[in-house]
Amino acid sequence: MLVRVPAARLGTGAALVLLVPALALAQNFTRIDTGDPFTGPTDSRSANWADIDGDGDLDLFVSNAGPGGQPNELYRNDAGTLTAIVGDPITMDGLRDVGAAFGDVDNDGDPDLYCSSWYGQVNGEWRNQGDGSFVRVTTGPQVTTGTHTEDVAWIDVDNDGDLDLFVANAGNDAASAEDDILYLNDGAGNLTAIAGDPLVTDGLLSRHGAFADYDDDGDLDVFVAMEAGQDNRLYRNLLTETGSLAFEIVTTAGSLTSDGGQSFSASWGDFDNDDDLDLIVGNMDAEENFLYVNQLTETGTATFVRILDQDPATQRGYTVGTTWADWDNDGDLDLLLANAFAMSPNRPRKNFLYRNDGGVLLRMNDSPVATDEGWTFGASWADWDEDGDLDLFTARCYANSEVNALYRNEAQLDGRHWLGVRCAGAVSNRSAVGAVVRVTATIRGQVVSQRRDVASSDGYSSGNFDQHFGLDDATTVGEIEVTWPSGIVQTLTNVPADQRLTITEPLSTGALEPGLGESWLRATPNPFRDSVRFAGLDLGESELHIVDVAGRNVRSLAGPEWDGRDADGREVAPGVYFVRARAGTDETFSVTPIVRLR
């Protein structure tokens, strides 16, 4: 059941259209060669961005798997400077870590981390202590079972408001393949493996599990990329239909369910802007990649048509990683295919970078992203320097001793607008995995709706929870709609471009029933611990009130900051609150949800 949260003003009904061809680009990428991440050669595998210390910017984790064990790398971001964190348990485990994913497993408001090891070693889990430092978890089957794990993903497959864990296992060959593992969270961060479900009894060589609600029925399904020529598999979650968690193997979704190859990676993304999720599958060994277009919007049924005449599907590469991102800020998803390895000959590779032009993916050959040689294992996009465009970090592994690369995007030179969105769950899991964010704006005279789905991973060995929307010439977003895993649908309207928002899920609609005005507030940081500051209205002419989820006044503010205390000076309990503003004598209100952490 969908529960809608009132908006300040609803739009006039957005049409789903493709963009017109973009203007010529002045921008390119600049490779960053100095700084802590680039001081020494490593055998790096995953690249994951997350705000580990709650200061609002994205920090970086890089897993390493060199022979004999190489320390992992953790970097704190400070105004665009990445500084190595030394001595944290994450950087001292001594394991050969391959895949990795952040996720708030204990729902305490900060990202925890899970790493996988293909080499038969135990996998590792670390809990964030709230300040960006981590403690290793030593009990539980997820950290005591030795497997040949390729990649991992945090997901809420049973929609109970906490994160579960999927572990994709392979082996040395088909005869030694291990079953995948799905661990369910009991709400306190304790994980227990399920048994008997088709998802965990395949006995195939799984590389990566790409989770998304591809059929838009309100629960997370999964595509599992298989290597060694085994057919890839699509598993449909039956939770919505039956009320109980169970997966079934899909056999009627087109060739997607029967194609097989040396598949390493898969990424869901709405690259044609028709509001359903398409899929790119990356293949190794000079095989053609698979590009599938979802027919859900066109036919009402989630079946897939394989595209055979676009470069990503005809180019024979050695693709390890796949990741979508609007790197040119023109309002549609572009694509990166990260290439590595080769059975024979053993030589460097180049990555494939694509620009989306009205639903057609065009190869870009003049960027250092595409001309630098090496082996890229994990590749992850993030606006690391907070200048409004997506930069790219590539985890490299050629000859077990290659220097990693960070490419700074120069798209801001083209003057195109953008919007960054970070979601914070309250009823749903705190990481907001499974939330769907839709942004509608008028771009070059056309109403364009873009969709992003929050996930802990995008392709093999990469991840970033933040969502980025290119807006081209649009200076205002007509509507932002967030569909939360809980079923709550939350809407913001008339939002100025060129900013980063944190949107927090409301616990109920009770506090939002008074009329809402066209003005609105930004709250930073959100979630907060000690204090939160508000901006966006003429605060000298406004009344600010903190209310709880029942609509009761907690405190009236004399200024634009709240210290987390009530009218009697007592600290309020952790949870969701709302700041309610009235501008001057205007009888309409702006209501912004905020989350108080422990």
Side-chain angles (χ1 to χ4, degrees), residues 150-151 153 155 157 166 168-170 174 177-182 196-242 245-272 274 276-285 287-310 312-314 319 322 324 335 337 453 455 457-460:
E150 296 286 358
D151 203 14
I155 65 277
V157 290
F166 177 75
N169 290 326
E178 300 168 356
D179 289 335
D180 298 331
I181 306 174
L182 177 62
D197 191 274
L199 180 60
V200 297
T201 57
D202 62 10
L204 300 175
L205 293 167
S206 302
R207 274 280 176 175
H208 169 69
F211 283 82
D213 186 7
Y214 81 93
D215 53 1
D216 279 349
D217 66 349
D219 50 35
L220 288 177
D221 315 294
V222 59
F223 176 89
V224 181
M226 308 290 185
E227 60 178 319
Q230 297 175 336
D231 287 350
N232 296 318
R233 284 199 174 176
L234 179 64
Y235 296 89
R236 181 168 174 255
N237 193 339
L238 301 179
L239 179 66
T240 300
E241 289 76 13
T242 67
L245 175 66
F247 288 89
E248 69 173 4
I249 299 173
V250 178
T251 59
T252 57
S255 65
L256 178 145
T257 59
S258 59
D259 290 336
Q262 282 281 6
S263 298
F264 270 43
S265 178
S267 294
W268 296 98
D270 182 17
F271 87 98
D272 53 5
D274 67 348
D276 55 29
L277 291 175
D278 313 301
L279 185 70
I280 181 70
V281 180
N283 293 324
M284 274 282 296
D285 286 358
E287 296 178 346
E288 292 180 345
N289 297 309
F290 303 146
L291 177 62
Y292 303 97
V293 176
N294 195 340
Q295 300 299 295
L296 178 61
T297 297
E298 291 77 8
T299 67
T301 303
T303 59
F304 295 84
V305 173
R306 181 174 166 185
I307 303 300
L308 300 175
D309 59 354
Q310 284 201 39
T314 60
T319 300
T322 54
W324 299 99
L335 178 65
L337 301 179
D453 290 48
S457 64
D458 176 24
Y460 189 26

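Just so you know, these numbers come straight off a predicted model, no measurement behind them.
For the pairing with L205, the side-chain contact (heavy atoms from CB on, under 4.5 Å) check across E178, M226, E227 returns one residue only, E227. The only member of D276, D216, D270 that meets side chain to side chain donor-acceptor pair (under 3.5 Å) when paired with T297 is D276.
Rounded to the nearest 0.5 angstrom, D272 CG and D278 CG are separated by 4.5 Å. Here the CZ-CG distance, from R207 to N283, works out to 12.0 Å after rounding to the nearest 0.5 Å. In this structure, I280 CD1 and T319 OG1 are separated by 8.0 Å, a value rounded to the nearest 0.5 Å. The CG atom of D219 sits 5.0 Å away from the CG atom of L239 when rounded to the nearest 0.5 Å. The CH2 atom of W324 sits 8.5 Å away from the CG atom of L279 when rounded to the nearest 0.5 Å. Annotation: the span from L234 atom CG to E248 atom CD amounts to 9.5 Å, rounded to 0.5 Å.
Under 4.0 Å is where a charged nitrogen must lie from a carboxylate oxygen, and between D202 and R233 no such pair does.
Shortest non-hydrogen contact noted between V200 and D180 is CB-O, 3.4 Å. Nearest heavy-atom pair across A266 and A210 is O-CB, 3.6 Å. Of all heavy-atom pairs between S265 and T322, the closest is OG-OG1, 2.6 Å. A pairwise comparison of heavy atoms in N294 and A302 identifies OD1-CA, 3.6 Å as the closest pair. Closest approach of T240 to G218, counting heavy atoms only: OG1-C, 3.8 Å. The minimum heavy-atom distance linking S258 with D231 is given by the pair O-OD1, 3.0 Å.
Judged purely by atom type and a 3.5 angstrom limit, T303 has no side-chain atom pairing as donor or acceptor with the backbone of G254. Checked by atom type and distance alone, the side chain of N169 pairs as donor or acceptor with a backbone atom of D179 at under 3.5 Å.
Ring geometry for Y460 versus H208: interplanar angle of 30 to 60°, hence tilted. In this structure, F223 and W268 have perpendicular ring planes: the angle between them is above 60°, well past the 30° mark. In this pair, F247 and Y235 present their aromatic rings perpendicular. The plane angle is above 60°, beyond the 30 to 60° band.
Side chains of N289 and P312 form no contact here, defined as non-hydrogen atoms less than 4.5 Å apart. A heavy-atom distance below 4.5 Å is not found between the side chains of D197 and L182. At least one side-chain heavy atom of L245 sits less than 4.5 Å from a side-chain heavy atom of N237.
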Can you check side chain to side chain contact (heavy atoms under 4.5 Å, CB included) on L308 and E288, steps first, answer last? CA-CA 9 Å; L308 300 175; E288 292 180 345; 5.7 Å; no
Test V157 against F166 for side chain to side chain contact (heavy atoms under 4.5 Å, CB included), laying out the working first. CA-CA 10 Å; V157 290; F166 177 75; over 6 Å; no
Tell me, with the steps shown, if S255 and Y292 meet side chain to side chain contact (heavy atoms under 4.5 Å, CB included). CA-CA 9 Å; S255 65; Y292 303 97; 3.7 Å; yes
